[in-house]
Visitor: 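The structure's right below; bear with me while I get my questions together.
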Protein chains: 2
Amino acid sequence: MGPDPLHRHNGRMSNTAISRPARRTERPAYGRDSLLEVAVAVFNERGYDGTGMEELARRLGLSKSSIYHHVAGKEELLSLAVTRALDSLFAVLDEGPAPDTSATARLRHVVRRSVEVLAAELPYVTLLLRLHGNSDTERQALARRREFDQRVADLVLRAAAEGGIRHDIDPHLASRLLFGTVNSLIEWYRPDGNLPVTTLADSLTAVLFEGLSRQGAAGAGPGRPSGRIQD
Amino acid sequence: MGPDPLHRHNGRMSNTAISRPARRTERPAYGRDSLLEVAVAVFNERGYDGTGMEELARRLGLSKSSIYHHVAGKEELLSLAVTRALDSLFAVLDEGPAPDTSATARLRHVVRRSVEVLAAELPYVTLLLRLHGNSDTERQALARRREFDQRVADLVLRAAAEGGIRHDIDPHLASRLLFGTVNSLIEWYRPDGNLPVTTLADSLTAVLFEGLSRQGAAGAGPGRPSGRIQD
DNA sequence: GCACGCTAACCGAATGTTCGGTCGGTACAC
DNA sequence: GTGTACCGACCGAACATTCGGTTAGCGTGC
């Protein structure tokens, strides 16, 4: 029926001890960042729409109203999270090998770095990849995400023009498979497991780039350029 | 929730009007199946938790209360959808080449047929793959899904033991990449586009099986067996 | 051939519950 | 005494679901 009446104890949870300004008092006190971290974790567990502010408060060890002391509301938490994810992803495109390098080499770099970003910012990217576009915030994030996808697709196209991709696979399909596989990492990869990110990135790029580059003769392979993809 | 509440003759199939008995009014006159089809489409657009019964009613051209004439509630719609998806997926495992065929050949068949099922039952599988486990219904579905994944992973392990998978890639990782890529199809593949399922399945199996089978020497490839993956 | 009852299909107006969010206030560090 | 961090109590809106009907077509008796 009713929740247990807690007598104003601040039993703050242990982890997420951001040790920036050397806290002296034993009052941990959430900042925006540590609060966001917990919120995103819960959003990913139950889904953004499936998470209530009350459940969020419970997991934070706070009351519902206290959350509004730190952020404007539920939607701001979402906005902060996906902006962080998108900024990290776009940074990958603007760094990397000089533009005069071969497109194939640059693509390889983008894939590898995307895997690393995905691992480093896993909760934030996970939230981004599961948006539905139910609010303005979500729709704007999806628009930025589509822009990212578009720029990667262009790079794949240039790699294909260089001959970096086997001719019996449509470059548009190659894009989809490449980043479909990369994005599917959010479904199972856990950075705290015993598979290092470097090994993951090595294996993923090896499998996909070798599969995408070599002309195949294995059993039931096709021989003609395949159908185009829309959108 | 639990057992299906009686199964009297359900109405009509999806709008392939066979006009079997007699003509109804000009109204759509939904049966369970056609109603489910619309509902699942809306669930996939806005997310299950993000879809209200009112929005559902609007899209059906019905009143909210009329939905309850056909199904017990929102959760039954979800249950019907994911059961259909899971039944189709498990059927793939139980058909196919005889058990005395090589594991590699059987795996290839499972991957190809999974792609086909994914395309044929796209909305239902999409809904399944996006569950969070917020209710008993969802948790039961996720349990069945994990069982499917486990059986596929076993098959990959046997294929690896046969030598069907290159030795510098851990079979557990190979499983994840393989079905990560297959499952990522729900994010972009549309059966009504101009990429036929057969071409898709050909290309996907070609890229992945060639990438996974051949020992690589392309640039930055690893050389040792990679780290293990947990659960 | 038509009156009658039956039922599937539907609706508008409610039900209680949960939602995201607000408000006035307390504790305490500096 | 001012600012930061927090809380319980509360609010209107939206939620899934229920209830008491109405309508239309079909089968049957006659």
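For clarity, every value in this text was computed on a predicted model and none was experimentally measured. Numbers restart at 1 for each chain; the letters A, B, ... are given by sequence-line order, proteins then strands.
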Visitor: What string of B, S and - do you get for nucleotides 16-21 of chain D 5' to 3' if you count protein non-hydrogen atoms under 4.0 Å?
Guide: BBBB--
Visitor: Check the pair A:Glu95, A:His109 against side-chain contact (heavy atoms from CB on, under 4.5 Å), reporting the backbone distance first and the verdict last.
Guide: CA-CA 10 Å; A:Glu95 65 183 32; A:His109 177 263; 3.5 Å; yes
Visitor: Among all residues two or more places apart in sequence or in another chain, which pass the side chain to side chain donor-acceptor pair (under 3.5 Å) test with B:Glu138?
Guide: none
Visitor: Closest approach to the side chain of B:His70, judged atom by atom: which nucleotide of D:dC6, C:dG12, C:dA9 is it?
Guide: C:dA9
Visitor: Output the rounded distance in Å from CD1 (A:Ile67) to P (D:dG8).
Guide: 13 Å
Visitor: Write down the distance between CG (A:Asn134) and C1' (C:dG20), rounded to a whole number of angstrom.
Guide: 15 Å
Visitor: Do A:Leu35 and A:Leu77 come within less than 4.5 Å of each other through their side chains, counting heavy atoms only?
Guide: yes
Visitor: Centre of B:Tyr48's six-membered ring, under 6.0 Å away, within 45 degrees of the axis: is that where NZ or CZ of B:Arg130 sits?
Guide: no
Visitor: Rounded to whole Å, please give me the gap between CZ in A:Arg32 and P in D:dA5.
Guide: 12 Å
Visitor: Taking atom C1' of D:dA5 as reference, at what distance in whole Å does atom CG of A:Leu62 sit?
Guide: 9 Å
Visitor: Identify whether the distance between the nearest side-chain nitrogen and carboxylate oxygen of B:Arg112 and B:Glu116 falls below 4.0 Å.
Guide: yes
Visitor: Could you tell me whether the phosphate oxygens of C:dC10, OP1 or OP2, come under 4.0 Å of any side-chain nitrogen or oxygen in B:His69?
Guide: no
Visitor: Does any pair with a residue in residues 118-129 of chain A pass salt bridge (Lys or Arg N to Asp or Glu O under 4.0 Å), and if so which ones, sequence neighbours excluded?
Guide: A:Arg84-A:Glu121
Visitor: Does OP1 or OP2 of D:dC7 have a side-chain N or O of A:Ser63 closer than 4.0 Å?
Guide: yes
